[in-house]
Amino acid sequence: MKVVVLTGAGISAESGLSTFRDNDGLWENHRVEEVATPEAFDRNPELVQRFYNMRRANLKSVEPNAAHVALAQAEQQFESFLLVTQNVDDLHERAGSKNLLHMHGELLKQRCVQCHDVSEIIGELSVNAICPNCDGVGSLRPDIVWFGEMPYFMDDIMAALMDCDLFVSIGTSGSVYPAAGFVQIANQSGARTVELNLEPGDLQSEFQQAQYGKATAVVGEFFGNL
Ligand code: NAD
């Protein structure tokens, strides 16, 4: 069986990372327009860098939970298993997932707007940081896909969705496109589509099957019963 899993902020909630949806559309007390758009970065790069420096520092105080671990174990079970995450944290890889695509980028990486080099962030990122590849000063930004930007790996993700037998969406509200549209593509491809979430997401009616509850309970249970 060929499996594609999509995860969102809800899978990391029980590790202690806050979601948007559960905070009235705010991410750690900020509106997305303030910290998660290219316009925000142009307007106030210090605020945006500080925001992601704090999110990155916070990763040190959280651990993968049972749902991340269940997905890493499930990966071993199937002929083909692709995990696509909207999350920018590193909890899936710390739990042991290998075939993983971060479609919205990663908190631990920086990207140079001049030479496009992507590298690990060592310490904090500042507006005067120097690119390790081209030596450009002040050209580094968090390697995060902001609202209005094109997510990464879309060709690979589309190909996997069009070829999968099972699509499982976990802990995502279904309000951010193009990820929210993956269920429709999987349905059109003839896959079985399943929502695992705390509560029904915006696209509840698109899924053929659903199981609602905390990710730490429902993810292991679902894959354990397959
Ligand atoms: P969202 O905040 O819009 O929705 C979160 C969903 O998770 C909701 O449907 C909610 O009911 C569900 N949820 C909450 N607690 C849960 C639990 N314990 N178990 C199962 N489900 C639970 O998040 P989204 O759909 O991922 O979209 C928001 C965007 O925000 C993403 O693109 C992501 O890049 C970014 N983001 C990432 C992180 C992270 O990396 N951890 C955190 C916040 C936001």
Side-chain angles (χ1 to χ4, degrees), residues 5-38 40 48 51-71 83-95 97 100-109 121 142-154 157 168-183 194-207 210-223:
V5 173
L6 171 71
T7 61
I11 197 165
S12 297
E14 289 164 84
S15 291
L17 295 178
S18 63
T19 67
F20 280 144
R21 179 54 63 105
D22 304 319
N23 293 288
D24 300 325
L26 297 181
W27 192 0
E28 298 288 346
N29 299 322
H30 289 277
R31 286 181 302 114
V32 292
E33 298 80 15
E34 267 179 84
V35 292
T37 63
V48 174
F51 176 79
Y52 288 100
N53 283 337
M54 282 162 61
R55 304 281 75 70
R56 194 176 310 113
N58 196 32
L59 291 180
K60 295 198 179 101
S61 61
V62 297
E63 296 292 335
N65 63 47
H68 298 104
V69 172
L71 289 181
L83 176 54
V84 179
T85 189
Q86 299 170 85
N87 293 345
V88 294
D89 65 54
D90 62 345
L91 296 179
H92 282 307
E93 44 273 58
R94 280 163 58 189
S97 285
L100 166 68
L101 297 177
H102 277 277
M103 66 179 287
H104 290 166
E106 296 175 59
L107 276 174
L108 295 173
K109 291 194 176 158
I121 298 178
D143 189 28
I144 302 286
V145 177
W146 287 322
F147 288 92
E149 298 183 321
M150 179 57 81
Y152 295 152
F153 310 114
M154 286 307 293
I157 296 168
V168 187
S169 168
I170 304 172
T172 175
S173 58
S175 53
V176 179
Y177 280 84
F182 291 174
V183 59
V194 181
E195 177 179 34
L196 305 180
N197 210 359
L198 193 60
E199 57 195 25
D202 293 356
L203 293 167
Q204 171 195 22
S205 60
E206 297 288 337
F207 290 91
Q211 214 168 306
Y212 298 115
K214 289 187 172 183
T216 52
V218 294
V219 176
E221 190 183 315
F222 175 78
F223 283 98

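Worth saying up front: this structure is predicted, and the values here are computed from it rather than measured. Counting starts at 1 for both ligands and their atoms, following the listed order.
Not a single N or O atom of F147, backbone or side chain, sits closer than 3.5 Å to an N or O atom of ligand 1. Backbone and side-chain nitrogen or oxygen atoms of A215 are examined, and one is located within less than 3.5 angstrom of a nitrogen or oxygen of ligand 1.
Closest heavy-atom approach to atom 24 (P) of ligand 1 among the candidates L107, N65, T172, L17: T172. Around atom 4 (O) of ligand 1, the closest heavy atom drawn from S173, A9, S15, G16 belongs to S173. Closest to atom 42 (C) of ligand 1 by heavy atom, among S12, G213, S18, P200, is S18.
Side-chain atoms of N87 and L17, non-hydrogen and from C-beta on, never get closer than 4.5 Å to each other. At a threshold of 4.5 Å between non-hydrogen side-chain atoms, the residues L198 and Y212 do not count as touching.
Looking only at atom types and distance, the side chain of H68 has a donor-acceptor partner in the side chain of S12 under 3.5 Å away. In this model, a donor atom of one side chain and an acceptor atom of the other lie less than 3.5 Å apart for R56 and N53.
Between H30 and F51, the ring planes lie perpendicular to each other; the angle is over 60°, past the 30° to 60° tilted range.
Residue contact check: K214 has heavy atoms under 4.0 Å from atoms 19 (N) of ligand 1. Heavy-atom contacts of E14 reach the following atoms of ligand 1: 17 (C), 18 (N), 19 (N) (cutoff under 4.0 Å). Within ligand 1, counting atoms from 1 as listed, the ones closer than 4.0 Å to a heavy atom of G8 are 26 (O). Near V176, the atoms of ligand 1 lying under 4.0 angstrom from a non-hydrogen atom of the residue are 27 (O). Each of the atoms 5 (C), 6 (C), 7 (O), 21 (N) of ligand 1 lies under 4.0 Å from some heavy atom of G171. In the vicinity of E199, heavy-atom distances shorter than 4.0 Å reach the ligand 1 atoms 11 (O).
Taking a 6.0 Å sphere around CE of M154, one finds it holds more than 12 heavy atoms contributed by other residues, nucleotides or ligands.
Evaluation of the side-chain contact (heavy atoms from CB on, under 4.5 Å) rule for F147 yields F20, V32, A36, T37, V176 as partners, not counting sequence neighbours. Not counting sequence neighbours, the partners of E106 by the salt bridge (Lys or Arg N to Asp or Glu O under 4.0 Å) test are K109.
The proximity of A13 to ligand 1, defined as any non-hydrogen pair under 4.0 Å, is limited to the side chain.
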